[in-house]
Amino acid sequence: MNYAPTSISPAHSVHTKGAGEIRLVNLTKSFGDMDAVKDINLTIPHGSYCCLLGPSGCGKTTILRMIAGHETPTTGEIYIGDDMVVGKTPVERGTAMMFQSYALFPHLSVLDNVAFYLKMRGVGKEERRTRAREMLERVQLSHLANRMPAQLSGGQQQRVALARSLITNPKVLLLDEPLSALDEFLRLRMRGELKNLQDELGITFVHVTHTQPEAIALADMVVVMDTGRIEQAASANEIYNRPATPYVARFMGGQNVLTGRVESISPTGMVLKSEKGEIFNAPLTGAAPKLGEPVSISMRRDRISISKPQNGKGAQQADAVTGVVDSTEYQGSFVKVSIVLDGGETFVANMPDHEFFAEPVDHGVPVVARWKPEHVHVLSKADTEGTKDPYAGSGH
Amino acid sequence: MSAPALKEGRVSAATLPASRMKMTADSSGRKAWAPYLQVAPLTLVLLLFFAIPVALVVVVSFFRYQMLVGLVPDFTFKNYVDILTNPTNWSLYLSTFKFTIIVLAITFVLGFWISYFLVFHVRNLMTAIALFLICTVPFWTSNIIRMISWRPVLGREGLINQALQGMGVTAQPLDWLLYSDFSVIVAYVHLYTLFMIVPIFNSMARIDKSLLEAAVDGGASRWGVVWNVVLPLSKTGIALGSLFVVTLVMGDFSVVTVMSGGLSGSVTSGMFNDLQFLNYPRAAANAVILLIVVLLIAVAIFRLVDVRKELVR
Amino acid sequence: MALPSYGKRPWTFYVLATLFTLFVIFLYGPMISVLILSFQGPSAALNFPLRDPSLMWFDELFNPRRVGDVPGAFRRSLPLALITMLLTVVIAVTAGFAFRHRFRGATLVFYMAIASLIIPGLVLSIGILVTARFLGLSANWYTTALGAHLSWTLPFGLLIMFAVLGRLSPSYEEASYDLGATRWQTVKDVVLPIVFPGIIAVALFGFTLSYDEFPRSWLTVGTLNTLPLEIWTMTTNVTSPALYALGTVTTIVSFIVIALALGSILLIQRRRSGSS
């Protein structure tokens, strides 16, 4: 859809700068004795596109629903702008939610769905229909105004849901997995449209998703969650290139995680030794760890080169690991090579296709995987859970 | 497509479960005559004990009645003329309609709000199901027993009168509690509210909860949500419940006979009298008239709402 | 500024919870008072208070001289209900399967079943009696009354089967055929176990609707009464707590049947979900 810059009339956009800032303070939500959200603090700046990212059951939808006012926090506070909004209605909060199922009223026509908010405010029939029609025109659905929701395609339903949310002129738009019900083609298109829309409206978008590429593509701010906690909240670039924790590194994919104990520290870096005796060089960032302390490092999959071991001495070299190729997957521009390390963990190298096909390897071939020390990123938290992989095998 | 939309789409395409199941039939090479064989016993029973009897009632309603002989084949409208010119019958219909409307209103209000409470206010699903079962258990017990169980409650020396007098609210026992229109309505509500609760509960349980949240997002008040979302989406259940209650009250003679103490009558009381004199033709004519009235109401309800869609969903 | 609320229940909850509680009292209160008064002592008072509780009115029930033929009526009602239940299960379940496919006349049979459900019982009673007359048969509990009961229980059973089978995904059967099962094996080992709780529900309806049926029995049982008819006669003739005792006995029978049905459904559900 093509949102003209004037698409939402300025007369409606009365929100001052900062009105759509969301602040969560010590937010906790328990269901019975299970904590879905554990003591979360988070500030989402006004006008940003924020993605809450995590596997199902991590609490991201619960946070969204608490911001929306459809779930009440057990303890903690939620601020939108300067207002503490717990206990307020969605309209008082200035939030609008797009539901995963879209939640279009099945008994109302498209036009009446969009006009619902105006009807609730007591706007007369003619006026609300005129204004709803205008809104439908903006999402280019005016020709479907008299259809019932069941007669629309998934993409059309989503636009109606969007129009119905936007007619409330919200400060914050909350999107619960908005693209999950669409097919791949529509998903990519709607992704672009959502981003454009947010740019134009300048309001805060909070978007819940479990798909990493979606978050990376859309968000100014990605919040990675795991079992009710925030693992990292930062820009997409930061999250992807400098994950804070082994969990984030693994969850975002594209990274390998290794752990070793600090052997020695020099002004320029440190040397780690893994349990199997491999030596890894790592840069020194922030406070220096103590000798003997475990430290986890990560390196991007596309920074790894692999070769066949020479004289069986591969393992003795620093900044390398040895293993056996488990599988190779051709991905178009690169080849994903999965290697089972001697310790049983999986290590992945994404190799440029010309490089791979110059010296192809196949299942069962022993290899050495190598990287340059400057590509090593030190994680702020050591990996204590071994090789636990939240999305085993789903990394891209 | 969204889940509710899918459901809607499927339902509008499938008035009977058949279209949803058709795939099985075709892909597994089922014999085409199998459904006919499967439905044959049901059809046979319905023909023998419903269709033919009803047809014969219509036929007999044109017969002549002769004292001591009984049925005499004929084609006369005398029975209908007798009934329609008798003002007693008109007043019986009037009284039945009065009961029907009052009972419909009470059972609807009770059924709607009790279902609403169970579906949208009880947070634990198992609790809701347990409470729902509590409401349905009396359905499986004897109607007549449930009716007479009001005697020790509403009677002159019944619990309510004892309580009222004990508290000094009234000096004399209230006579209108039992064997009155009041007790008839109490018994109807007692027996038939369930027929409202079950279909409305079913309709409501199928409402996607996010629709309610979407309505709140759109600025609807608590009452606004009920009026604009819950009520319209429960209307098939309401229609079905109304159909049950209307036909049960219209066709009843036991409640009105027992609970009014013979003071009130119903449409069927007329039939009852004719049957005691073995005047089958007139009873049949009366039955045909009642049947037409009930069917007209049923058709009106079916036209208002596609009840079949609800039944087979 | 109003204090923020943290998950407090809305006031409507309390209003509706009160309404619900009152409704349950309304529903069960009278039944419970009958239950209590059936233990009335020799004062034979039909109202509270209960004096000298005894079982004498239950004893009276089995004394045909005083209150009519209760044991005889019970001996007819019970088999009638059981036969009705059995036939309802067999006929409604097979018919339910027929409706999963398109066949000519499906709509007609469906509307006939619905009409049979909503037709006033007395009207149908007259019809069945007249039909029996024309055929030269006499009305009997095991012929005409059985048919009258089936005309009422079958539509109920059919509607339950619609609900049950509507949720049965055809992919179960397809998977079963894929794995080499024959049609009969598929029905026996896949379909029936899945729909079994629904079949119990059909049986429960079949039994209790027949056991308690009055208007449809009234003209069709012939000379010997079923239990509801016996009670109906007693409501006008008997002015002793024996009537309440009879109410208690039949209600207990109903409750046993309900408990058996619901209990077995719960047991199946638990076995399915709890084995893990």
Side-chain angles (χ1 to χ4, degrees), chain B residues 16-18 21-25 28 35-36 38-39 41-43 45-46 48-54 56-57 60 110 113-114 117 121 134 137-138 140-146 148-150 152-153 155 157-159 222 247 251 253-254 258 268 271 280 283-284 287 290-291 298 311-313, chain C residues 12-13 16 19-20 23-24 27 30-31 33-34 37 46-48 91 94-95 97-103 106 109 112-113 116 118 120-124 126-128 130-131 134 147-148 150-151 154 159 162 165-166 170 173-174 177 208 212 214-215 228 231-232 235 243 247 250-251 254 258:
Chain B
L16 285 174
M21 308 301 178
K22 209 171 151 240
M23 295 285 287
T24 349
S28 61
Y36 296 98
Q38 287 169 328
V39 86
L42 175 75
T43 315
V45 172
L46 287 179
L48 206 57
F49 294 104
F50 169 71
I52 293 172
V54 170
L56 282 179
V57 166
V60 167
L110 280 177
W113 289 109
I114 285 167
F117 172 74
H121 272 313
I134 287 177
V137 161
W140 289 306
T141 63
S142 165
N143 276 0
I144 296 179
I145 295 297
R146 288 169 69 201
I148 58 165
S149 68
W150 282 103
V153 177
E157 280 108 49
L159 275 180
R222 198 182 296 287
T247 53
F253 72 99
S254 54
V258 171
T268 33
M271 262 182 264
Y280 282 97
L290 174 64
L291 203 57
L311 287 176
V312 300
R313 182 147 53 162
Chain C
T12 48
F13 172 85
L16 290 176
L19 176 78
F20 181 80
F23 179 72
V24 171
L27 213 50
M31 291 167 75
S33 49
V34 159
L37 287 177
L46 284 164
N47 286 301
F48 284 99
I91 297 174
T94 48
F97 278 99
F99 276 95
R100 300 179 76 199
H101 310 278
R102 285 190 193 286
F103 63 93
V109 177
M112 199 152 77
S116 182
I118 63 176
L122 193 66
V123 172
L124 194 67
I126 297 172
I128 290 174
V130 171
T131 310
F134 270 89
L150 286 175
S151 74
L154 284 179
L159 291 185
F162 279 174
L165 295 176
E173 284 147 281
E174 285 162 359
Y177 294 134
T208 57
D212 300 323
F214 169 69
I231 300 169
W232 170 257
T235 56
L243 185 59
T250 55
T251 307
S254 295
I258 297 165

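Letters A, B, ... mirror the listed sequences (proteins, then strands); counts begin at 1. The structure presented is a predicted model; accordingly, all values stated were derived computationally and were not measured.
Put simply, the side chain of C:Ser254 does not reach to within 4.5 Å of the side chain of B:Trp140, judged on heavy atoms. Considering only heavy atoms from C-beta on, C:Leu19 comes within 4.5 Å of B:Ile114 through its side chain. When side chains are defined from C-beta on, B:Tyr280 counts as touching C:Val130, because their heavy atoms get closer than 4.5 Å. In this structure the side chain of C:Pro120 reaches within 4.5 angstrom of the side chain of B:Leu291, judged on heavy atoms. Side-chain contact check for C:Met31 versus B:Ile145: every heavy-atom pair is 4.5 Å or farther apart. In this structure, C:Phe134 and B:Val60 have side chains that are in contact, with non-hydrogen atoms separated by less than 4.5 Å.
In this structure, chain C has a heavy atom under 4.5 Å from the side chain of B:Leu159, while its backbone stays farther away. With a 4.5 angstrom heavy-atom cutoff, C:Ile128 touches chain B via backbone and side-chain atoms both. For chain C, the nearby parts of B:Val137 are the backbone and the side chain; heavy atoms of each come within less than 4.5 Å. Both the backbone and the side chain of B:Phe50 come within contact range of chain C, with heavy atoms under 4.5 Å apart. For B:Ala298, the part lying near chain C is the side chain, with the backbone staying farther off; criterion is any non-hydrogen pair under 4.5 Å. Looking at B:Leu42, both its backbone and its side chain come within 4.5 Å of chain C, counting heavy atoms on both sides. Heavy-atom distances place the side chain of C:Thr250, and not its backbone, under 4.5 Å from chain B.
Here the CG-CD1 distance, from C:Leu27 to B:Ile134, works out to 10.0 Å after rounding to the nearest 0.5 Å. Here B:Arg222 contributes atom CZ and C:Thr12 contributes atom OG1; the two are 4.0 Å apart, rounded to the nearest 0.5 Å.
Across C:Phe103 and B:Pro35, no two heavy atoms sit closer than the pair CD2-CB, 3.8 Å. Contact record, B:Ile144 with C:Pro228: CD1-O, 3.6 Å, taken as the closest heavy-atom pair. Summarising the geometry of C:Pro30 relative to B:Val153, their closest heavy-atom pair is CA-CG2, 4.0 Å, with the distance given to 0.1 Å. Across every non-hydrogen atom of C:Ser33 and B:Ser149, the tightest pair is OG-O, 4.1 Å. C:Thr94 approaches B:Gln38 most closely through the heavy-atom pair O-CB, 3.4 Å. The two atoms that bring C:Leu124 and B:Phe49 nearest to each other are CD1-O, 3.5 Å, heavy atoms only.
Comparing C:Thr131, C:Leu16, C:Val24 by how many heavy-atom pairs each has under 4.5 Å with chain B, the most go to C:Leu16. Across C:Ala148, C:Gly247, C:Ser116, the residue that shares the most heavy-atom pairs under 4.5 angstrom with chain B is C:Ser116. Between chain B and the residues C:Val109, C:Thr208, C:Thr251, the largest count of heavy-atom pairs under 4.5 Å involves C:Thr208.
Aromatic ring pairs are classed by plane angle as parallel below 30°, tilted from 30° to 60° and perpendicular above 60°; the pair B:Phe117 and C:Phe13 is tilted.
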With side-chain contact (heavy atoms from CB on, under 4.5 Å) as the test, would you mind laying out the steps for C:Trp232 and B:Val258 before giving the verdict?
-> CA-CA 9 Å; C:Trp232 170 257; B:Val258 171; 3.2 Å; yes
